[in-house]
Amino acid sequence: MKIECGSLEYALARLAARPRADAALWRRIEVERDFAPLLELARAGALRPWLVGITAASGVHEVESALRRHWRERVAEVAGWMPAAWRPALLWCAWLPDLAPLQHLLHGGVAPAWMEGDADWRELARAQPAQRVALLGRGAAAALAAAPQDLVGAWTAEWRRRLPAGERRAQ
């Protein structure tokens, strides 16, 4: 059997070939109490790609921003391995780490200071609370603006809409 690039088989083979952190590494990480040694342990193994741009001096918001960026990169990479019909649904997964901060902002929450320094969040954070849903509705995550009171439901509905036609199932 020939495995075609852009097939489910190809994507699964690429994912299976990826190095993964084993149980021994996770046990060593679990007992480490200081960030710098923990970071070095994790960097020495399969977690290295996730830690690019994170240093022992990084603050929690810098770490979260880097992890969101790496998540988006991995989602785009995996989507590129998939058949074209699957790509829109997979690319939509890039928004998952943003749901909690979006919920905070869309429910009128005060924008935390870290959002000012994050290019992905700056515009929405600076907007007046009453304008945030409209602003979100003009961007790449417009589907989330349709139901700001239920972002998980709105995300799920949009994900289902993006699935290949033969894969859509009603819940």
Side-chain angles (χ1 to χ4, degrees), residues 15 18-21 25-82 87-163:
L15 287 171
R18 283 274 164 112
R20 290 182 292 282
L25 176 59
W26 286 116
R27 280 192 299 276
R28 288 193 311 272
I29 288 172
E30 285 174 351
V31 298
E32 187 55 59
R33 296 294 172 234
D34 295 317
F35 188 58
L38 182 147
L39 197 55
E40 288 312 309
L41 270 174
R43 245 189 247 294
L47 299 174
R48 176 187 301 271
W50 289 92
L51 302 173
V52 171
I54 299 172
T55 69
S58 296
V60 67
H61 301 303
E62 294 166 311
V63 171
E64 287 182 4
S65 179
L67 291 174
R68 282 193 307 272
R69 185 178 64 255
H70 294 314
W71 168 255
R72 289 183 190 106
E73 291 165 357
R74 296 297 81 74
V75 167
E77 181 181 23
V78 172
W81 301 336
M82 295 292 287
R87 289 181 190 145
L90 287 171
L91 290 170
W92 186 244
C93 292
W95 288 100
L96 284 171
D98 298 312
L99 294 182
L102 274 174
Q103 179 174 324
H104 173 76
L105 289 179
L106 297 180
H107 291 177
V110 174
W114 67 264
M115 288 184 175
E116 279 291 321
D118 190 315
D120 293 329
W121 289 97
R122 190 173 298 119
E123 185 179 11
L124 196 59
R126 288 180 177 170
Q128 293 299 314
Q131 303 303 315
R132 291 175 181 159
V133 172
L135 182 59
L136 182 66
R138 293 192 298 267
L144 297 175
Q149 68 286 356
D150 181 17
L151 287 180
V152 172
W155 183 92
T156 303
E158 180 64 12
W159 177 75
R160 285 188 183 123
R161 188 191 71 71
R162 291 169 177 242
L163 284 171

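In this text the structure is predicted, and so the values were computed from the model without any measurement.
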Could you give the distance from [atom1] ([X]) to [atom2] ([Y]), rounded to the nearest 0.5 Å?
| X | Y | atom1 | atom2 | value |
| --- | --- | --- | --- | --- |
| E77 | L15 | CD | CG | 8.5 Å |
| T156 | D150 | OG1 | CG | 8.0 Å |
| L136 | Q131 | CG | CD | 13.0 Å |

I want to check something: taking the side chain as every heavy atom from C-beta on, are [X] and [Y] in contact at a cut-off of under 4.5 Å?
| X | Y | value |
| --- | --- | --- |
| R72 | D120 | yes |
| I29 | L47 | yes |
| I54 | F35 | yes |
| W121 | L102 | yes |

Look at the side chain of [X] and the backbone N and O of [Y], then say whether any donor-acceptor pair between them is shorter than 3.5 Å.
| X | Y | value |
| --- | --- | --- |
| S65 | H61 | no |
| R43 | L51 | yes |
| R20 | A46 | no |

Of all the heavy-atom pairs spanning [X] and [Y], show the shortest one and how long it is.
| X | Y | value |
| --- | --- | --- |
| W26 | A21 | NE1-CB, 3.3 Å |
| L25 | L41 | CD1-O, 3.7 Å |
| L91 | A79 | CD2-CB, 3.7 Å |
| M115 | A125 | CB-CB, 3.6 Å |
| S58 | V63 | CB-CG2, 3.9 Å |
| E116 | R122 | O-NE, 2.6 Å |

If you count every heavy atom of other residues, nucleotides or ligands that lies below 6.0 Å from [X] atom [atom1], does the total exceed 12?
| X | atom1 | result |
| --- | --- | --- |
| Q128 | CD | no |
| W114 | CH2 | yes |
| W71 | CH2 | no |

NZ/NE/NH1/NH2 to OD/OE distance under 4.0 Å, [X] and [Y]:
| X | Y | result |
| --- | --- | --- |
| E30 | R27 | no |
| R28 | E32 | no |
| E123 | R138 | no |
| R69 | D118 | no |

For the residue pair W159 and W155, does the interplanar ring angle fall in the parallel (under 30°), tilted (30 to 60°) or perpendicular (over 60°) class?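 It falls in the parallel class, under 30°.
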